[in-house]
Amino acid sequence: MRAIHIVTTRLSSSFRRPILYLDFIVSCLAPPRQFSIPRRLICAATKANGGGRSGSIVAPLVVNEEFQKIDVNPPKGTRDFPPEDMRLRNWLFNHFKEVSRLYGFEEVDFPVLETEALFIRKAGEEIRDQLYCFEDRGNRRVALRPELTPSLARLVIQKGKSVSLPLKWFAVGQCWRYERMTRGRRREHYQWNMDIIGVPQVTAEAELISSIVTFFKRIGITASDVGFKVSSRKVLQELLKKYGVPEDLFGRVCIIIDKIEKIPIDEIKKELGFTGISEDAIEQLLQVLSVKSLGDLEDILGGAGEAIADLKQLFSLAEKFGYSEWIQFDASVVRGLAYYTGIVFEGFDRKGKLRAICGGGRYDRLLSTYGGDDIPACGFGFGDAVIVELLKEKDLLPELGQEVENIVCALDKDLQGAAATVATALRDKGQTVDLVLESKPLKWVFKRAARVNARRLVLVGKTEWEDGSVSVKVLSSGEQFQVKLSDLE
């Protein structure tokens, strides 16, 4: 850590004021509009050491250094988490983690800051428009991660043969995307990912969808509230081949098709036309993509292709897992990211008021784009923002007040040390304690106990303490008794 230098600026012959080096630099860099009056502050690096980075700053006269109040709101698209919001976040994350553990997954994490190329190489240059990216002081291009899957792929390659397949990993991490904000969409969000590495069979996708259904059930969401649209990237591949569309257009077409239900159909047709696909092929393609029945799709493509076989197996497994009522076929689901190769799925609210709740699929060729060996893999991402909106919509948000087992209060300021001893004894036994740190009237203490939902009040009085005892009041029943400190449980 760099030392903070303190320099002294002479304001008059009889007055000196210390200036923190860090504060001084910030003052130099702050835009003029942050000052309520014009400022005269000149930053000059001393030339005593040849004009280089000497670590010394000369601070001339500072006149009327008055600042306006800062904007107390977080940057646009981001959030604070005061205690009440943090309790909800912890509740949600605990469900994410508990479901993951129920399915035998191990937790991993990655840096929020990654090499920019990790995301550019994965999804094409257009993702640059959504990246929070910059050049660091070592002239390296870096970015705040917009999602977790590329970081997972990097870690799998790094571990190589030191890990045994299959891998079942999960993560809950913060992601950043500079994009237009809508309901349930922010520029930062937390995302729950579950990924299975090393299993080529559709059983992996079936397991992942099952885990999301388990999560929904735990928080009170039913199949009448949400569902999963399921398809396969192989469907689109077979359609493009059928209509003579060049294979190299596949990635661009996926990105456009993913916008169905987000922009007007005429815009979809226009964008597909820009790729060079004929109008006739576009009409036939969109007609097939509107199919909602796996049987109808089989009539069009035939039953011999991989896409139909994979989807049939998935729907069969859904019955065995017990969530067939949750899923439905929708040929238009392709997912917008370039790395998907097979089964894809999206969670949606059946009233259609919200954007996709979650989404995922198979990405068997992602690792090779980073120089690794291809390993079959699939996974999903589940953001924290949309699900909270859905819980609000369904009036299912839990009431999560602060909960403390004990309030410990000294009845005399000379007994504050004794109260600390009592608090320590209870904490050593694993109990939560809110220790009153000042001399407060009992009326204030009882209000405090009600506010934090304390289970009981432990009072340290002079007479009782001389006997090695304390008074305990159970707040739910009003029962009150004395107990030796050694017997206090």
Side-chain angles (χ1 to χ4, degrees), residues 74 77-103 105 107 147-148 170-175 177 181-194 206-230 261-262 318 321-328 330 333 345-360 379-404 432 450-453 455 476:
T78 67
R79 298 166 289 176
D80 291 317
F81 288 91
E84 61 275 15
D85 293 335
M86 198 67 195
R87 286 193 289 271
L88 178 61
R89 191 179 103 177
N90 287 337
W91 172 85
L92 186 66
F93 288 11
N94 286 339
H95 280 295
F96 287 160
K97 294 180 179 183
E98 182 59 25
V99 168
S100 301
R101 294 190 179 100
L102 285 174
Y103 280 73
F105 283 62
E107 187 170 12
E147 56 163 325
L148 302 178
F170 82 93
V172 179
Q174 192 177 35
C175 300
R177 290 193 184 194
M181 293 181 297
T182 59
R183 185 183 180 191
R185 183 192 293 269
R186 299 185 177 91
R187 290 176 177 169
E188 62 81 22
H189 71 281
Y190 285 86
Q191 186 165 299
W192 171 38
N193 272 37
M194 290 179 67
E207 173 95 327
L208 291 172
I209 296 174
S210 175
S211 68
I212 304 173
V213 170
T214 298
F215 167 79
F216 282 141
K217 289 178 178 179
R218 287 174 64 96
I219 63 172
I221 299 295
T222 68
S224 62
D225 299 319
V226 302
F228 294 89
K229 296 177 182 179
V230 178
E261 296 184 358
K262 300 173 186 175
F321 275 103
Y323 61 79
S324 58
E325 63 178 334
W326 293 74
I327 69 172
Q328 63 191 57
D330 188 330
V333 175
F345 56 87
E346 288 184 354
F348 69 100
D349 79 294
R350 295 194 184 275
K351 289 186 177 180
K353 294 183 178 181
L354 302 169
R355 58 187 295 264
I357 302 168
C358 59
F380 69 79
F382 192 123
D384 69 322
V386 179
I387 187 60
V388 169
E389 292 297 323
L390 180 62
L391 290 171
K392 290 178 182 176
E393 191 79 27
K394 302 295 180 182
D395 197 25
L396 290 173
L397 281 178
E399 295 184 8
L400 301 168
Q402 184 180 3
E403 293 184 1
V404 174
T432 55
R451 188 162 59 248
V452 302
N453 295 313
R455 182 169 62 88
S476 60

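Along the sequence shown, residues are numbered consecutively beginning with 1.
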Please tell me if the side chains of [X] and [Y] come closer than 4.5 Å, counting only heavy atoms from C-beta onward.
{"X": "L396", "Y": "I221", "answer": "yes"}
{"X": "F345", "Y": "D330", "answer": "no"}
{"X": "I209", "Y": "W326", "answer": "no"}
{"X": "D225", "Y": "K394", "answer": "yes"}
{"X": "I387", "Y": "F215", "answer": "yes"}
{"X": "V388", "Y": "L92", "answer": "yes"}

Run the side-chain contact (heavy atoms from CB on, under 4.5 Å) test on F228 and C358 for me, step by step, so that the C-alpha distance in whole Å, both residues' side-chain angles and the decisive distance to 0.1 Å come before the verdict.
CA-CA 9 Å; F228 294 89; C358 59; 4.1 Å; yes
To the nearest 0.5 Å, what is the distance between NZ on K353 and CD on E389?
11.5 Å
In Å, rounded to the nearest 0.5 Å, how long is the span from OG1 of T214 to CD1 of I219?
11.5 Å
Identify the heavy atoms of [X] and [Y] that sit nearest to each other, and give their distance.
{"X": "N193", "Y": "G381", "answer": "OD1-CA, 3.3 Å"}
{"X": "G383", "Y": "H189", "answer": "CA-CD2, 4.2 Å"}
{"X": "D349", "Y": "I357", "answer": "N-CD1, 3.8 Å"}
{"X": "S211", "Y": "F380", "answer": "OG-CE2, 3.6 Å"}
{"X": "G173", "Y": "L148", "answer": "N-CD1, 4.1 Å"}
{"X": "L88", "Y": "L400", "answer": "CA-CD1, 3.7 Å"}

With under 30° as parallel and over 60° as perpendicular, where do the rings of F382 and W192 fit, or are they tilted in between?
tilted
Check: [Y] main-chain N/O paired with [X] side-chain donor or acceptor under 3.5 Å:
{"X": "R79", "Y": "P74", "value": "no"}
{"X": "R350", "Y": "V226", "value": "yes"}
{"X": "Y323", "Y": "A206", "value": "yes"}
{"X": "Y103", "Y": "E98", "value": "no"}

Could you name each residue pair satisfying side chain to side chain donor-acceptor pair (under 3.5 Å) that touches residues 81-90, not counting sequence neighbours?
R89-Y190
For L102 and R218, run side-chain contact (heavy atoms from CB on, under 4.5 Å): C-alpha distance rounded to whole Å, both residues' side-chain angles, the deciding distance at 0.1 Å, then the answer.
CA-CA 12 Å; L102 285 174; R218 287 174 64 96; 3.8 Å; yes
Is the closest side-chain donor-acceptor distance between E147 and Q191 under 3.5 Å?
no
Residues two or more places apart in sequence or in another chain: which of them pass salt bridge (charged side-chain N to carboxylate O under 4.0 Å, His left out) with K217?
none
Looking at F170, I'd like to know if the NZ or CZ of K97 sits under 6.0 Å from its six-membered ring centre while staying within 45 degrees of the ring's axis.
no
Would you mind checking if R101 and E107 are paired as a salt bridge, meaning a charged N to carboxylate O distance below 4.0 Å?
yes
Mind running side-chain contact (heavy atoms from CB on, under 4.5 Å) on L390 and L354 for me, showing each step along the way?
CA-CA 8 Å; L390 180 62; L354 302 169; 3.8 Å; yes
Using the side-chain contact (heavy atoms from CB on, under 4.5 Å) rule, take F348 and V386 through it: C-alpha gap first, then chi angles, then the decisive distance, then the call.
CA-CA 10 Å; F348 69 100; V386 179; over 6 Å; no
